[in-house]
Amino acid sequence: MRNPLVKRIPKELASDWHKYLVIILFMVGMIGVISGMYVGRDSMIAAIKAGKEELNLEDGCFELSHKASDEMLDSICTGGMADVKQYFIDEGMKEADEKVEEEIEKELRSTVEEAIEDGVRAQCEAYGITDEAMIQEQIKTAMDENFDSALDEARDSDEFKKAVNEAYEEAHKEVLKAVDEEWEDIAEEYKLNDPGFSPVPVKVFEHFYRNESEDNNNDGTEDATVRIFKSDSTVDMASVIVGRVPENKNEIALDRNHAETVGVSVGDNVRISGKEFEVTGLVSFVNYLTMHESNTDLMFDAFGFDVAMVTPEAFDELPSRLHYNYSFFYESEPADKAAQKDTSEAFLKALITQSVVYDNELKDYLPTYLSQARNFAISDIDGDSTGTGIFCYILIAVIAFIFAITISNTIDKEASVIGTLRASGYSKGELIVHYMSMPFIVTIAGAVIGNALGYTAFRGMAVNLYYNTYSLPTPRLVWSPSALVKTTVIPLLLMFLINLFIIVKKLQLSPLKFLRHDLTKSRRTKARRIPAWSFLRRFRIRVLFQNMPNYAVLIFGVILSELMLCFAFGLTDSLVNYGDKAPEMVFAEYQYMLMGYKDKDGNVIETDENTAERFSCHSLMYPKQKSDFSRFEGMGSGGDESITVYGIADNSQYISLPADVPEGSVFASTAFRDKFYLKEGDVLSLHEEYENKSYEFTIKGFVDYDGGIAVFMSNENFNKTFDKKSGEFSGYFSRNEITDIDEQDIATVITVEDISKVTTQLMHSVGGFIEIFKYAMIILAAALIYLLAKIIIERNEHSISMVKILGFKNGEIGSLYIIPTAIVVVLFTLISLVVGYFLMLWIFHAFLLQMDGYFAFYMKPLSMVLSVLYLLVGYAFVSMIDFFRIKKIPMDVALKNVE
Amino acid sequence: MAENFLEIKDLMKSFGTGEAKQEVLRGMNFTVNKGEFCVLLGPSGSGKSTLLNIIGGIDTPDSGFVSINGDKLEDMDEKQLTIYRRKHLGYVFQMYNLIPNLNVKENIEVGAYLSDKPLDVEEVITTLGLQDHKYKYPNQLSGGQQQRVSIGRAVVKNPDILMCDEPTGALDYKTSKEILALIEDCNKKYGSTIIMVTHNEAIKYMADHVIKLRDGIVRHNDINDKKIPASELEW
């Protein structure tokens with residue numbers, strides 16, 4: 001015979017359908033969204049990973065100053081290091097030979113000239129000629145007649161030959177000596193003395209591009225920089241999302257994300273460096289999942305940067321400089337990330353030597369594993385799901401507690417029945433299974449429907465969210481075991497464990513205790529004393545005391561909701577705040593980083609701009625795990641933070657540092673201080689990223705700068721610390737644009753717009769999502785409060801019925817049972833704002849520790865007020881429902897014993 | 001009729017400690033034969049409900065023992081006690097304690113489910129005169145009807161002992177007599193041993209065995225040779 005108690009479950013569901021509907025909708029929505037996020041993520045990652053093979057993703061790329069010869073490419077493909085020492089010797093010898101030859105020729109000519117002149121003067125003197133003009137004429141005639149023969153004669157002399165040989169020998173010795181002397185420095189510079197080096201054979205492909213200006217609304221002004229590749233490239237290909245690849249010379253395919261961001265569709269015309277092209281397709285390049293123009297960009301920029309393809313014919317006609325970019329593929333793929341690092345570093349060493357010996361400057365080098373454009377989206381998509389997963393579990397735990405409280409109340413209500421059943425022989429286990437079945441069924445229903453929606457509707461939502469942000473290929477629907485585990489197994493386990501714990505604890509009592517309704521393990525000997533307030537007030541206090549566990553979960557729910565609202569409001573505010581503060585986040589309106597402090601002719605790069613001021617900078621690494629921030633040890637990437645060390649001119653007009661700061665002392669940026677909780681007197685141990693070299697600095701104070709993790713010292717100390725020549729520098733700060741420095745000498749220019757484009761991009765990517773999230777949080781908060789307030793009213797049904805019999809009006813009863821909840825909700829909403837705000841600061845900080853840079857959490861006062869107001873409006877709505885619920889409680893509840 | 005089916009020996013039970021200590025059972029001794037209709041009679045506080053709870057295995061004595069068919073309850077752990085109640089006992093309380101969202105038939109099935117040898121549910125419903133109400137929910141029934149369901153839930157198990165704790169305490173005279181008649185029928189028809197706690201003196205006339213309690217001890221332990229049917233009881 002089937003346990004007849006099972007028949008209660010559908011009846012229970014039917015009788016309290018609105019409560020379970022709210023819970024199931026809640027779970028379906030949540031599990032659906034989370035499942036959609038996971039499935040969307042896995043589908044996206046699957047497509048991205050598939051693209052690696054199918055679209056021939058490079059292992060890295062490098063750019064040379066001019067086209068590499070076949071011989072150079074062959075040498076690069078071997079992956080070995082070139083003989084740089086011999087190259088320097090050969091070059092030195094060649095140079096020395098030229099110089100010796102030139103000197104000898106000059107000396108010989110001068111000697112012959114002198115000999116002829118001396119001879120003519122001697123003859124003139126013998127003939128008594130004293131007129132200098134006549135003497136000069138004689139000399140000229142003698143030169144014209146005898147110089148060449150005299151020169152040849154001198155060259156043939158043994159004496160001359162001996163001298164020449166000696167000169168060459170001497171010069172060659174000097175070259176060898178100089179190369180020997182400087183070899184150590186050169187070897188260190190090019191990292192040539194690595195005993196562990198082994199060649200990294202590669203395949204190299206031309207993958208040239210041009211950076212052109214894009215006018216996507218045909219208004220004659222540049223809207224973006226577009227990086228254009230040839231459409232017939234066999235490496236780093238693109239998947240076509242809409243339309244087709246260009247086939248004619250006036251056609252172009254743009255990056256899909258950029259095109260959608262700026263409102264360009266297939267069939268539109270865009271002007272590329274003045275020439276009109278028709279957009280035939282929207283594509284996603286395998287190596288550009290985000291629009292990072294440079295790998296050092298703080299943020300990608302889908303507004304201002306685009307990647308596109310045109311036919312080879314059109315490519316050749318484009319006006320801008322050709323970038324001699326080459327893609328390389330390792331012959332044997334590195335096994336893991338550590339191996340990738342070693343391999344790419346070894347290949348770089350080899351590449352540098354080849355660029356030296358072939359006299360073709362290496363302009364850029366980027367292994368794919370470090371490419372922001374390729375990896376930013378992948379790691380962000382991965383990170384997203386971790387966050388949503390944790391959020392999901394917290395919510396499931398809240399629902400589990402709501403269930404546990406509901407069941408706990410049901411057990412209280414059904415105490416006599418339970419006592420009778422236990423007395424009749426029902427075991428504790430049977431009753432536990434019975435009371436556990438409802439949360440289990442609801443969770444399974446939520447999980448099944450949620451997952452079904454996750455694979456259909458919500459997957460699309462997640463994919464669209466990613467699509468809106470990144471330049472991704474077409475997703476492929478994959479079966480996601482991780483989604484199943486995270487959205488079904490873990491919620492079920494959470495629901496199971498939390499409810500099991502509470503129900504087992506609740507059913508521990510003996511059958512007799514249940515029969516006697518004696519459900520507390522420890523009985524208070526005396527009732528809590530309440531001051532002699534009015535009766536109604538005391539009544540409300542009693543209601544509060546009686547419903548403590550319910551209020552505990554309610555408070556938790558309110559805090560959680562407020563925290564989420566703080567997140568939703570704070571994220572938008574922080575982005576806007578960051579954008580507003582952008583002008584303060586650059587030292588100067590223009591910050592020019594130079595390629596070197598001297599131009600190609602060896603002259604120091606100068607400018608006539610009055611506001612220009614030299615500065616130096618160097619990047620070092622700060623080990624995160626050695627920070628004082630020990631509470632977060634083990635969290636985050638565990639990697640090192642990149643620190644910019646600035647050398648500042650004395651009496652700088654851009655950054656004020658006290659004079660005479662001793663060597664070894666630095667001023668840290670406020671962002672650095674806030675991120676790692678630094679204080680004056682702390683000793684920073686910074687090290688080079690690729691060298692085994694470290695530096696210790698004592699913090700003397702702080703510079704009010706939130707734009708980056710940086711330390712500052714005087715230019716003089718900077719040059720001493722980093723063994724730079726006196727007068728060496730890295731670039732210029734300037735209030736006005738500098739126009740008299742050759743563009744070839746400028747590495748980058750940072751302006752306020754570069755900082756604000758970060759916020760523009762972020763707002764575009766996540767702004768819509770945050771708005772939806774905000775309203776979802778309000779609904780979530782209202783649903784939570786609804787469920788918990790309902791429990792409180794249900795628990796007091798008997799008393800409410802009784803006070804109705806006694807003659808209390810509905811309004812009075814409402815004030816007795818709704819006001820305590822209102823007080824708790826309002827009070828804890830306000831407390832939660834403070835808790836939520838500080839918790840958000842903490843979470844944001846912990847989150848940023850995993851990343852490079854710093855970005856302070858900020859919430860506008862208006863947002864604080866709104867976050868509270870939204871929650872209270874949600875609650876006000878619930879209170880109305882509560883009031884109607886109270887009105888509906890009949891008086892016979894108190895009179896009937898239907899247990 | 002098996003003799004000494006139920007044996008109560010030197011049973012002591014107290015509640016509270018120190019000055020507040022109250023001895024409810026102070027050395028109680030008696031035996032009940034199988035199939036007997038035994039009434040435990042006494043005023044409030046005489047210990048009759050406590051005694052019933054100890055016999056039912058839902059409370060434990062401080063000393064002494066209860067044995068049923070030779071099995072001592074004190075030797076049983078919680079699990080064995082649950083099985084003991086499941087296999088041998090049926091309970092009827094003054095409050096009916098029915099499951100509100102199960103109908104009459106289903107409430108009776110709750111009892112049948114526990115037994116290896118349950119009676120036919122439909123037959124029990126007919127015996128209890130509930131055939132017209134079997135699909136009704138408890139809140140659609142009168143107090144007497146609810147108590148019938150509660151008796152049905154207990155007897156459908158076909159228990160060796162039917163424990164009744166003031167089963168008519170909340171009922172009017174007429175309904176009380178109907179309920180008592182029903183219990184009497186169950187005793188006759190199914191041969192269950194009945195142990196009924198009551199403070200109603202009149203009920204003793206329908207019992208085979210009357211045990212009067214006062215202040216925690218057995219004052220009288222009488223066998224009633226002249227029992228009358230429940231329908232003839234007057235009070």
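Here is how names work: the chains are called A, B, and so on, in the same order as the sequence lines, proteins then strands, and each is numbered from 1.
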Using a 6.0 Å cut-off, check whether atom [atom1] of [X] has over 12 heavy atoms from anything other than its own residue.
{"X": "B:Tyr173", "atom1": "OH", "value": "yes"}
{"X": "A:Phe496", "atom1": "CZ", "value": "no"}
{"X": "B:Lys21", "atom1": "NZ", "value": "no"}
{"X": "A:Phe501", "atom1": "CZ", "value": "no"}
{"X": "A:Tyr426", "atom1": "OH", "value": "yes"}

Got a second to check how far [X]'s [atom1] is from [Y]'s [atom2], nearest 0.5 Å?
{"X": "B:Gln94", "Y": "A:Ser416", "atom1": "CD", "atom2": "OG", "value": "11.5 Å"}
{"X": "B:Thr60", "Y": "A:Leu512", "atom1": "OG1", "atom2": "CG", "value": "9.5 Å"}
{"X": "B:Lys105", "Y": "A:Lys7", "atom1": "NZ", "atom2": "NZ", "value": "6.5 Å"}

Against chain A, label [X] side chain, backbone, both or neither, depending on which of its atoms sit under 4.5 Å from a heavy atom there.
{"X": "B:Asn53", "value": "side chain"}
{"X": "B:Leu114", "value": "side chain"}
{"X": "B:Ala154", "value": "neither"}
{"X": "B:Tyr84", "value": "neither"}
{"X": "B:Lys79", "value": "neither"}

> Pick from A:Thr420, A:Ile418, A:Leu421: which one has the most heavy-atom pairs with chain B under 4.5 Å?
Replying inline: A:Thr420
Part of [X] lying under 4.5 Å from any heavy atom of chain B:
{"X": "A:Glu12", "result": "both"}
{"X": "A:Leu515", "result": "side chain"}
{"X": "A:Ser15", "result": "neither"}

>> Using only atom types and a distance under 3.5 Å, with no angle test, would you say the side chain of A:Arg8 pairs donor to acceptor with the backbone of B:Leu102?
In response: no
>> Taking A:Ser424's backbone N and O only, do any of them form a donor-acceptor pair with B:Lys157's side chain (distance below 3.5 Å, no angle check)?
In response: yes
>> Run the ring pair (Phe, Tyr, Trp, His ring centres under 6.0 Å) test against A:His434 and tell me which residues pass, sequence neighbours left out.
In response: none
>> I want to check something: taking the side chain as every heavy atom from C-beta on, are B:Tyr113 and A:Leu5 in contact at a cut-off of under 4.5 Å?
In response: no
> If we only count heavy atoms from C-beta on, is the A:Glu414 to B:Asn97 side-chain gap below 4.5 Å?
Replying inline: no
> With respect to chain A, which residue among B:Glu106, B:Arg86, B:Arg153, B:Met163 yields the maximal number of heavy-atom pairs within a distance under 4.5 Å?
Replying inline: B:Arg86
>> Heavy-atom pairs under 4.5 Å with chain A: which of B:His88, B:Glu109, B:Lys87 has the most?
In response: B:Glu109
>> For A:Gly425 versus B:Thr82, what's the shortest heavy-atom pair and its separation?
In response: O-CG2, 3.4 Å
